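First the structure, in the form of C-alpha cells, and then the observations on it.
Here the structure is a predicted model, which means the values were calculated and not measured. All ligand and atom numbering here is 1-based and tracks the order in the structure.
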Amino acid sequence: MSVEIAGRERVNLLGLERAGLEAFVGTLGSKPFRARQLMQWMYGRGESRFEAMTDLARDFRVLLAGRAQIRPPEIVTAQRSSDGTRKWLLRADSVQAIEMVYIPEESRGTLCISSQVGCALDCSFCSTAQQGFNRNLTTAEIVGQVWLAERELAREYVPAPGDSPGHRAITNVVLMGMGEPLANFRNVVPALRIFTDDFGFDISRRRVTLSTSGLVPQIYKLAEEVNVALAVSLHAPTDELRSTLVPINRKHPIAELLEACWHYIDEQNGRSVTFEYVMLDGVNDQPEHARALVRLLRGRPAKLNLIPFNPFPGTLYRRSSTAAILRFRDELLSQGVLATIRRTRGEDIDAACGQLAGRVNDRTTVRLGNKLIGVAVQS
Ligand code: SAH
C-alpha cells in the first residue's frame with residue numbers, strides 16, 4: 001500500500017488503517033510494529049501528542065511531529081438533551097459543518113456518525129436531503145468523530161464500582177448520521193476497519209452498523225471488504241411507493257436490493273439485515289403495507305426497525321400515531337417477522353433520526369470562525 005504525502009502537509013494518522021500506518025512508518029525508516037504501538041496510544045489511550053508516547057524512541061517522535069498529526073474535527077457547538085443524548089456540531093472546513101450524536105443507554109453507548117457533508121440521495125422525508133450534497137468526508141474525519149467523542153465522554157466519566165479499567169463510553173458505532181456511507185465507499189471502508197481492529201477501537205463487528213438507502217452494487221462490494229452489520233432503509237414494501245420516498249429505488253428496485261442483502265448475509269455469515277422503516281401517517285403505515293412486508297421478509301434473515309417519523313420544518317409528512325405503530329408492529333410479529341420500534345431520542349435538540357443538520361430552510365445562520373454561513377444548524 002502506498003502512502004501519499006501531499007506537499008508539506010502533515011499526514012493525519014486518523015486516516016490510516018493499520019496497513020497504511022505500517023507503510024507510513026516505513027517511509028520514516030521504522031518497523032511495522034511501531035504502527036501498532038502508535039495505534040495503542042491513539043486509540044487505546046486517546047493520546048494525540050507524540051511527545052507523550054514515551055515508549056517510542058525520541059528521534060522517531062520528533063520525526064513524527066514534523067511529518068504527521070493526530071487531528072480530529074473541531075467542535076463548533078455541543079448540546080445535551082434532557083434524556084442524556086448528546087449532539088456535537090463539527091467543523092468540516094471553514095464554512096461547512098457535520099453532526100454526530102451520542103445515545104447513552106443502560107447497557108451500551110451508541111455513537112451515530114456522519115459520512116458526508118449533506119447527502120445527494122434526496123429522500124423526501126429526511127431533512128439532510130434538503131441541504132443537498134457538499135462533499136465526502138475523509139477517512140480521518142470519519143474516524144476522528146469516534147476519537148473525539150470518546151475523548152469528550154472520557155473527560156466527564158466518573159468510574160462506578162465494578163467498572164473495568166479500560167471503560168469506554170462508546171460500545172457501538174452506527175453510520176446513520178448525515179450522508180450515504182456507500183456513496184463514500186473509498187473513505188468509509190478503511191474507517192470501518194479502524195473501528196473493528198483490535199489495535200484500533202476494537203469494537204466487535206456486530207456493534208458497528210452501516211446504514212444504506214440501497215446502493216446495490218456497493219452492497220456487493222462491501223461484502224468483499226468488511227463484515228460489519230448492515231442496515232437498509234426500506235421504508236416501503238412496493239416499488240411504486242418506495243420510489244416516491246427513496247428515489248434511488250428507481251435505479252435499484254426492491255427485488256434487486258433484497259437479493260444484495262441476502263448475498264451480504266451469506267458472505268458474512270451474518271445474522272440478519274435490519275430494515276429501517278420510517279412510520280409516516282397515512283403513507284406507509286396501513287395494515288396492507290405490513291402484509292406486503294411479510295410477503296417480502298418472512299423466512300428471511302431480516303428484522304424490521306420501525307422509526308417514528310421525526311418532523312422538521314417544511315415537511316409535509318406527519319408521524320404515525322402510537323396506536324398505528326403498535327398495530328403495525330403486532331401485525332408483523334403475528335405473521336412471523338421480527339419487528340421492533342426505535343425509541344426516539346434527543347428530540348429536544350433535533351438529534352433524532354433524519355433531523356441532523358436540519359433547518360436549512362429557516363435561514364438560520366451561524367458564525368464559524370469569522371465567517372457567517374448558512375448551513376444547517378440549530379439556533
Ligand atoms: N443514508 C443512510 C443513513 C442515514 S439516515 C440511509 O439512508 O440509510 C438513518 C436512518 O434515518 C435511515 O433509515 C433514514 O431513512 C432515517 N430517517 C431519515 N429521515 C428521517 C426522519 N425524518 N424521521 C425518521 N427517520 C428518518
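Counting heavy atoms under 4.0 Å from ligand 1, residue T315 does not touch it at all. By the criterion of a heavy-atom distance under 4.0 Å, the side chain of E276, and not its backbone, is placed next to ligand 1. Residue V278 touches ligand 1 through its side chain alone, judged by heavy-atom distances below 4.0 Å.
Close approach of ligand 1 to E180 is summarised as follows: ligand atoms under 4.0 Å from at least one heavy atom of the residue are 1 (N), 2 (C). When each atom of ligand 1 is checked for a heavy atom of I307 under 4.0 Å away, the hits are 24 (C), 25 (N). Listed by number with element, the atoms of ligand 1 under 4.0 Å from a non-hydrogen atom of F125 are 15 (O), 17 (N), 18 (C), 19 (N), 20 (C), 21 (C), 22 (N). Taking every heavy atom of N310 and a limit of under 4.0 angstrom, the matching atoms of ligand 1 come to 21 (C), 22 (N), 23 (N), 24 (C). Taking every heavy atom of S213 and a limit of under 4.0 angstrom, the matching atoms of ligand 1 come to 6 (C), 7 (O), 8 (O). Proximity to C126 (heavy-atom distance under 4.0 Å) selects the following atoms of ligand 1: 18 (C), 19 (N). Heavy-atom proximity to H235, at under 4.0 Å, picks out these atoms of ligand 1: 13 (O), 14 (C), 15 (O).
Using a 4.0 Å cut-off between charged side-chain N and carboxylate O, R291 and E288 make no salt bridge. Between E22 and R34 no salt bridge is recorded (no basic side-chain N to carboxylate O distance below 4.0 Å). Salt-bridge formation is detected for the pair R135/E141: a Lys NZ or Arg NE/NH1/NH2 atom is positioned less than 4.0 Å from an Asp or Glu carboxylate oxygen. A salt bridge between E156 and R86 is present, with a side-chain N of the basic residue lying under 4.0 Å from a carboxylate O of the acidic one. Look at R193 and E225 and you find a salt bridge, because one of the NZ, NE, NH1 or NH2 atoms lies within 4.0 Å of a carboxylate O, short of that distance.
Between S115, G179, C112, C119, it is G179 that holds the heavy atom closest to atom 1 (N) of ligand 1. Across P181, A183, C123, S233, heavy-atom proximity to atom 7 (O) of ligand 1 is greatest for S233. Around atom 4 (C) of ligand 1, the closest heavy atom drawn from S127, S211, G177 belongs to G177.
In terms of polar-atom proximity, defined here as any N/O pair under 3.5 Å, M176 makes no such contact with ligand 1.
Here the side chains of R18 and D198 are in contact, with some heavy-atom distance below 4.5 Å.
Stacking of K221 on the aromatic ring of F185 is recorded, both the 6.0 Å distance cut-off and the 45° axial limit being met.
The shortest separation from a heavy atom of M178 to ligand 1 is not under 4.0 Å, leaving the residue out of contact.
No option in E240, R242, H235 other than R242 meets the side-chain hydrogen bond (donor to acceptor under 3.5 Å, both in side chains) test with N249.
Close placement of the F328 and Y277 rings is indicated, their centers lying within 6.0 Å of each other.
The number of heavy-atom neighbours closer than 6.0 Å to CZ of R45, taken from other residues, nucleotides and ligands shown, is 12 or below.
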